[in-house]
Amino acid sequence: MKKPVKTYKFRFSPIMISVFCLGIVLCATCFALTSWQFIEFVGGMRGDMSSAWEWIKYLLLYFVSIFLAVLLIAMLIRSRYMISEQLLITQFGIVCSKYEIKKIRSVALLSGSNKLNVYFDDFKNRFITIVVKEEWYDDFIQTLTSLNEKIEFDFTAPEEERNGKKKK
């Protein structure tokens with residue numbers, strides 16, 4: 001993959017940031033409680049040391065708490081949109097999607113929700129919603145249109161959004 005032309009960080013709402021932080025705290029709590037129970041188990045206070053099920057239980061609890069914590073931290077740190085010479089790349093933690101810029105038909109600013117929708121020519125990907133800082137909208141659109149001059153730009157009023165939802 002070529003170096004990105006531009007990178008735009010995903011804009012999470014304060015509620016989503018709170019949910020991520022709560023999840024990370026819960027993962028740390030799960031790890032601490034598992035460690036406490038494991039110390040009691042190994043110390044011989046309870047349980048049978050030869051029980052394979054007990055060992056598997058502790059391994060799974062450690063694995064799940066660490067995996068979820070890494071996933072949540074990655075989502076907070078590595079959620080972004082990258083525009084390269086040929087691709088629009090969305091990355092949310094470890095999940096990455098690539099879209100060809102030449103297949104982008106138009107970009108619309110939804111005034112009611114204040115988000116950008118990118119519409120595609122193919123039926124596989126109808127549209128994606130872009131959530132970045134409002135100050136970056138012009139730069140984002142200008143970067144896309146500089147790479148594909150066929151991309152159209154459109155505004156959608158809140159009334160049109162409501163009417164479009166009722167028709168469907």
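Between Asn148 and Lys102, the shortest heavy-atom contact is ND2-CA, 3.5 Å.
Ile24 contributes atom CD1, which lies 11.0 Å from atom CE of Met75 (distance to the nearest 0.5 angstrom). Rounding to the nearest 0.5 Å places CG of Leu60 at 10.0 Å from CH2 of Trp53. Annotation: the span from Asp121 atom CG to Lys150 atom NZ amounts to 9.0 Å, rounded to 0.5 Å.
Hydrophobic clustering, defined by side-chain heavy atoms of Ile, Leu, Val, Met, Phe, Trp and Tyr closer than 4.5 Å, leaves Leu59 isolated from every other such residue. Taking Ile, Leu, Val, Met, Phe, Trp and Tyr as members and joining any whose side-chain heavy atoms lie under 4.5 Å apart, directly or through other members, the hydrophobic cluster of Leu33 also contains Trp36.
Ring geometry for Phe41 against Tyr58 counts as tilted: the plane angle lies between 30° and 60°, on a 0 to 90° scale.
Ile128 is connected to Phe92 through a chain of hydrophobic side-chain contacts under 4.5 Å among Ile, Leu, Val, Met, Phe, Trp and Tyr, so both are in one cluster. Both Val131 and Phe12 are members of a single hydrophobic cluster when ILVMFWY side chains are connected at heavy-atom separations under 4.5 Å. Hydrophobic cluster membership is shared by Tyr62 and Val70, with clusters built from Ile, Leu, Val, Met, Phe, Trp and Tyr side chains linked at under 4.5 angstrom.
Side chains of Tyr81 and Ile130 form a contact here, defined as non-hydrogen atoms less than 4.5 Å apart. Using a 4.5 Å heavy-atom threshold, the side chains of Asp154 and Ser106 count as separate. With contacts defined as side-chain heavy-atom distances shorter than 4.5 Å, the pair Cys96/Thr90 does not qualify. In this structure, Phe140 and Ile83 have side chains that are in contact, with non-hydrogen atoms separated by less than 4.5 Å. Annotation: side chain of Ile101 is not in contact with side chain of Gln86 (no heavy-atom distance under 4.5 Å).
Residues passing the salt bridge (charged side-chain N to carboxylate O under 4.0 Å, His left out) test with Lys9: none are found, sequence neighbours excluded. When the side-chain hydrogen bond (donor to acceptor under 3.5 Å, both in side chains) test is applied to Thr129, the partners found at least two apart in sequence or on another chain are Asn117. In terms of the side chain to side chain contact (heavy atoms under 4.5 Å, CB included) criterion, residue partners of Ile141 (sequence neighbours excluded) are, by chain and number, Val107, Leu116, Thr145, Phe153. Scored by the side chain to side chain contact (heavy atoms under 4.5 Å, CB included) test, Ser65 finds Cys30, Phe31 as partners (sequence neighbours excluded). The side-chain hydrogen bond (donor to acceptor under 3.5 Å, both in side chains) check on Tyr137 picks up nothing, with sequence neighbours excluded. Under the side-chain hydrogen bond (donor to acceptor under 3.5 Å, both in side chains) criterion, Asp139 pairs with Lys6, Tyr8, sequence neighbours left out. Glu152 meets the side-chain hydrogen bond (donor to acceptor under 3.5 Å, both in side chains) test with no other residue; sequence neighbours excluded.
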Could you list the donor-acceptor pairs under 3.5 angstrom formed by side chains in residues 14-23, with sequence neighbours left out?
| from | atom 1 | to | atom 2 | distance (Å) |
| --- | --- | --- | --- | --- |
| Ser18 | OG | Pro14 | O | 2.9 |

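For residues 103-119, the set of pairs meeting the salt bridge (charged side-chain N to carboxylate O under 4.0 Å, His left out) definition, not counting sequence neighbours, comprises Glu100-Lys103. The side-chain hydrogen bond (donor to acceptor under 3.5 Å, both in side chains) pairs that include a residue from residues 69-78 number zero, where partners must be two or more places apart or lie in different chains.
When the shell of 6.0 Å around CZ of Phe67 is examined, it contains 12 or fewer heavy atoms from other residues, nucleotides or ligands.
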